[in-house]
Structures are given as structure tokens and as C-alpha cells.
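Some notes on the structure that comes next.
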Amino acid sequence: MKVFVVIPCYNEKRRIDKVLKRINNLKLEKEIIVVDDGSFDNSREVVKNNFKDVLLLEHSINLGKGAALKTGCEAAVKLGADIIVLIDADGQHSPEVIPEMVKKIEKENLDIVFGIRKMDTEKMPLVLYFGNKFLTAITNFFSGMSVADSQSGLKAFKSSAYEKILWKSADYSAESEMIINVGKNKLKYGEIFIETIYNDNYKGTTPFDGIKILYRIIKSKFL
């Protein structure tokens, strides 16, 4: 199986280096694609100078996480990916579970596997905890699914399922839209628990974000 790891990156020069090193150390044959989404903090230079084997794609301006993910996935499909893994560049997911996710797809013949964080208020800022709970409840209601963490940026799916998962949202709404599309197309899915890591209290989706994302979820469901 040809595995491609797609990493959207926006102003993560402090952490992208460690994330890429950890992915490179995995006992898994894989290709890595980093999509720099208009960073202005030299994130792309970190990748260019230290990771010659990584395919770096660049947006000249910031288009949003959903757009960056789409750019990376389209490239992976064209390059012959069998499985595409999505992981954030901020170090808030453990790359070490990627081989387990790939194995779960193969062994159980799943279309997609979601990395699920254990909702831990000791590790997760309260506003983000409640924001995640709110968005997850909304997403599950409209998708008819029961995914435990709708806003996790770590997931893996077969490239053959990509067209059915494909999202229109350019921003963080893409996370919920993917789940809506998985439910709409009745794709086979599984979940793997992952560590809850928060390096920045300001990052993540909040109840305020949920109001904005709610509109897009309804739009993707009915329009």
C-alpha cells in the first residue's frame, strides 16, 4: 500500500521540524506532502532546508486549512496514493499511531479511520473542550454518525474514497464536512484513540466557531 502523509502548515516554524522528524522515524513506507498555506514565519524554509525528501506545496496567500488539505490530497491522488493520512503541523497529534491507523484500514477493510482524542479537561482548555463537544454533537446529528471527536485533525482514508469524502469548505469546517460526507455516502469507518496534546491554549475550535461552522454544516447537508 502506498501511503501519503499530508500536512497543512500555517506559521508552524517552531513545531513542523519535530513533527516531520517523528513521521520520518515511523516504521512505515510513506511519502510526505507539506502544504504551506501562506505562512509568513519561515515555515516553508524550515521544510526546504531540512527535509529534502518532503514534497513542499505552497499557497501564496492563506486560503484556510480545508483548502490546504485539498491541495495536498489532490497531489497525493495524482501521485498514486492508496492511503492518505492527514495530520496537523502543530504537534498536537502523535504521529506514532499512523501505522496503526493504516493497519486498521487494511485489516478491517475500512474507508476511513478517525483519530479520537480522549476529552480530558485537565489537558484541554475548557473553552475548547466545550467547543469541541458542541461541534461534535452538531456534526453527529446531521451526519447520522457517532464520531467521538469531530474536530480531530488526524485521520486516514483510502484514496479510492476521497471523492466521496471531498469537502467544499476552505476553513476548519472541512473537518465536520468530511464526517457529513462519510455518513451521506455510508462509508465504513473506525476510530483509534490518540493522546490529547495542547501546546497552545488559543488554538482549536470554540463555541463561537461553532456558530459559523453550523451554517456550513447545514449548507453541506441540504444544498
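Atom set for the values below is all heavy atoms of this structure, side chains included, hydrogens, waters and symmetry mates excluded.
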- Note on the structure: Contacts of Glu108 meeting side chain to side chain donor-acceptor pair (under 3.5 Å) (sequence neighbours excluded), chain-then-number -> Lys104
- Message: List the residues meeting side chain to side chain donor-acceptor pair (under 3.5 Å) with Thr136, not counting sequence neighbours, and say none if there are none.
- Response: Asn132, Ser150
- Task: Decide, yes or no, whether a salt bridge links Arg117 with Asp149 under the criterion of side-chain N to carboxylate O below 4.0 Å.
- Result: yes
- Query: Are any side-chain N or O atoms of Lys164 and backbone N or O atoms of Ser160, one a donor and one an acceptor, separated by less than 3.5 Å?
  - Reply: no
- Message: Does Lys103, at its NZ atom, have more than 12 non-hydrogen atoms belonging to other residues, nucleotides or ligands within less than 6.0 Å?
- Response: no
- Message: Are the side chains of Leu57 and Val34 in contact, using a 4.5 Å heavy-atom criterion?
- Response: no
- Query: Is there a donor-acceptor pair under 3.5 Å between the side chain of Asn11 and the backbone N or O of Phe40?
  - Reply: yes
- Message: I need the minimum non-hydrogen distance between Ile116 and Ala148, along with the two atoms involved.
- Response: CG2-CB, 3.5 Å
- Query: Side chains of Thr139 and Glu177: is there a donor and an acceptor less than 3.5 Å apart?
  - Reply: no
- Query: Does any N or O in the side chain of Lys186 come within less than 3.5 Å of the main-chain N or O of Val182, such that one atom is a donor and the other an acceptor?
  - Reply: no
- Task: Measure up the Phe157 and Tyr162 rings against each other and bin them: parallel (under 30°), tilted (30 to 60°), perpendicular (over 60°).
- Result: parallel
- Note: Val6 and Pro8 closest approach over all heavy atoms is O-CD, 3.8 Å
- Message: One pair to check against salt bridge (charged side-chain N to carboxylate O under 4.0 Å, His left out): Glu175 and Lys155. What are the steps and the verdict?
- Response: CA-CA 10 Å; Glu175 306 287 10; Lys155 52 186 67 71; 2.6 Å; yes
- Considering all heavy atoms of both residues, which atom of Ile105 and which atom of Ala156 are nearest to each other, and what is their separation? CD1-O, 3.5 Å
- Lys/Arg N to Asp/Glu carboxylate O, Arg14 vs Asp41, below 4.0 Å: no
- Are the charged groups of Arg22 and Glu96 less than 4.0 angstrom apart, N to O? yes
- Note on the structure: Hits for side chain to side chain donor-acceptor pair (under 3.5 Å) against Asn24, two or more places apart or cross-chain, chain-then-number order -> none
- Query: At their closest point, which heavy atom of Leu110 faces which heavy atom of Lys158, and how far apart are they?
  - Reply: O-CE, 3.1 Å
- Considering all heavy atoms, the nearest Leu26-Lys30 contact: O-NZ, 3.1 Å
